[in-house]
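To find a chain, count down the sequence lines: A is the first, B the second, and so on, and within it residues start at 1. It should be emphasised that the depicted structure is a prediction, and the values quoted were computed from it without experimental measurement.
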Number of protein chains: 2
Amino acid sequence: MPKLSESAIRKRKDTIEAAARELFIKQGFHATSMRDISKRATVSLGNLYNYYPTKDAIFESIIDGYLEIIDEELKAIFNGIDEPMEPSNLRKLGENVGLLVDKHSDFWLLMYIDVLEFRNQHFRKMFDGITDRFRKIFGSRFAEAESRGDLRTGVDAAPVFTAAYMQFFNYFLVEKLFGGNQHLGLTDEQALNCLTKIFAYGTLSEKSLAKFKREASTLTA
Amino acid sequence: MPKLSESAIRKRKDTIEAAARELFIKQGFHATSMRDISKRATVSLGNLYNYYPTKDAIFESIIDGYLEIIDEELKAIFNGIDEPMEPSNLRKLGENVGLLVDKHSDFWLLMYIDVLEFRNQHFRKMFDGITDRFRKIFGSRFAEAESRGDLRTGVDAAPVFTAAYMQFFNYFLVEKLFGGNQHLGLTDEQALNCLTKIFAYGTLSEKSLAKFKREASTLTA
DNA sequence: AGATAAAAAACGGACGTTCATTTTTATTTG
DNA sequence: CAAATAAAAATGAACGTCCGTTTTTTATCT
């Protein structure tokens, strides 16, 4: 047999990783055997080792690929935000985080697998220095908002935005993976409104809030 | 041998569970064998099965015991809060949640094990209906605060308090388990101040904030 | 034929659990 | 008080299965 083309190899790997991902998510990493993966991917057991040196390597490859996807989707979300501290944009952030959690709920399970089995070595970058990253993306917007007097005195927008981001994430993860069905006692829509309001009122100046009064008043929790 | 006394059995089980807990946390559930547990607990392999019918049962017993402890500690925390929406009390809540996460960081790892291996069946109760529980604990305080005009119009204190609780939890969990070293770009103290301020300013009326101005002004992030 | 992919078989070890056996000890007996 | 008893506790070898990985064999292409 001649050497497979690069794309053919990539295609094979994709099917293997898809099968492995589904199994890891459904039954965990340790509970998933190489035989399970080979069966689901319709690849012989031995042949798996022509593509990956170890079982761990499959997991790592899945995560690396996934991280890229998530990274892009997050970038798209942030690109859609022109004025990060504006209430309507904060809410939009929440909405999009919700969609992201929903769309890739398996991904976050992999994160927990990583925490438990690999001491989070693959996912560390997700949270490490996240505030600085937001500062890089929105730094000038934050500064403008401050110079316009949109923020309460003494408020640094970057950690607030990060906190909002984290809160939205956590809300939907708890809803999706931890069985807290409507744990805020609100529908998702209401919860988004409630959280948005907290962060808006919590950090915006009275002057600025008046400006957004009309929008903000629609955020009835 | 006559039957062991109830307390002797409890003592034995405690040592077994302590050993198992340490191993589960260090290397995960599947990666921990019954032989590992028996060695660490200095109990013979077979004898383990005189105390627990299966390996799963050991895990379940650990969680049940742990849930009780955490439940009590949480109760103590909430008992120490007389006025839940007061900024200083919100901050105290955050501090205590931080201590709880720190003291029992292994417990939260078990929670992730439960999510992955048991579909969170043992931990569901942690988040299910949590807002209602807060309403039961602080309902009258929430009502009083509202009638005093401490809250912004339209703000329901219960989900806000829950959101604050969740945010504090998430903050410390990310710090402790997900390697987000100072992910808000702040020290823990500063982060507590920052988050407290968000929730205080986010939900308290101007009138009420003036009342707490002195305390609130010490919350410099 | 020669090279490479794919499949199958084989390997050594570890797994959860069982079980026949031995050890332990509170109670009964002399 | 000491010896015998009986029931429970403790043991560790053994069981059958499955694991990740390696090696060998077979099939498939230029």
Do other residues, nucleotides or ligands put more than 12 heavy atoms under 6.0 Å from [X] [atom1]?
X: B:E73; atom1: CD; value: yes
X: A:E146; atom1: CD; value: no
X: A:K13; atom1: NZ; value: yes

For B:R21 and B:I62, which heavy atoms make the closest approach, and how far apart are they? N-CD1, 3.7 Å
Mind calculating the distance between [atom1] ([X]) and [atom2] ([N]) to the nearest angstrom?
X: A:I16; N: C:dA7; atom1: CD1; atom2: C1'; value: 14 Å
X: A:I37; N: D:dG20; atom1: CD1; atom2: P; value: 8 Å
X: A:R12; N: C:dA7; atom1: CZ; atom2: P; value: 6 Å
X: A:L48; N: C:dA5; atom1: CG; atom2: P; value: 15 Å
X: A:Q27; N: D:dC18; atom1: CD; atom2: C1'; value: 14 Å
X: A:L23; N: D:dC19; atom1: CG; atom2: C1'; value: 15 Å
X: B:Y52; N: D:dA9; atom1: OH; atom2: C1'; value: 15 Å

For A:R135, all residues meeting salt bridge (charged side-chain N to carboxylate O under 4.0 Å, His left out), sequence neighbours excluded: A:D156
Any chance you could list the contact pattern along nucleotides 11-22 of chain C? Use B for base contacts, S for sugar-phosphate-only contacts and - for none, protein heavy atoms under 4.0 Å, 5' to 3'. ----BBBBB---
Do B:F178 and A:M111 make a side-chain contact, defined as non-hydrogen atoms from C-beta onward lying under 4.5 Å apart?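 A side-chain contact exists here, since the closest heavy-atom pair is under 4.5 Å.
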Among D:dG12, C:dA6, D:dA9, find the nucleotide with the atom closest to the side chain of B:S44. D:dG12
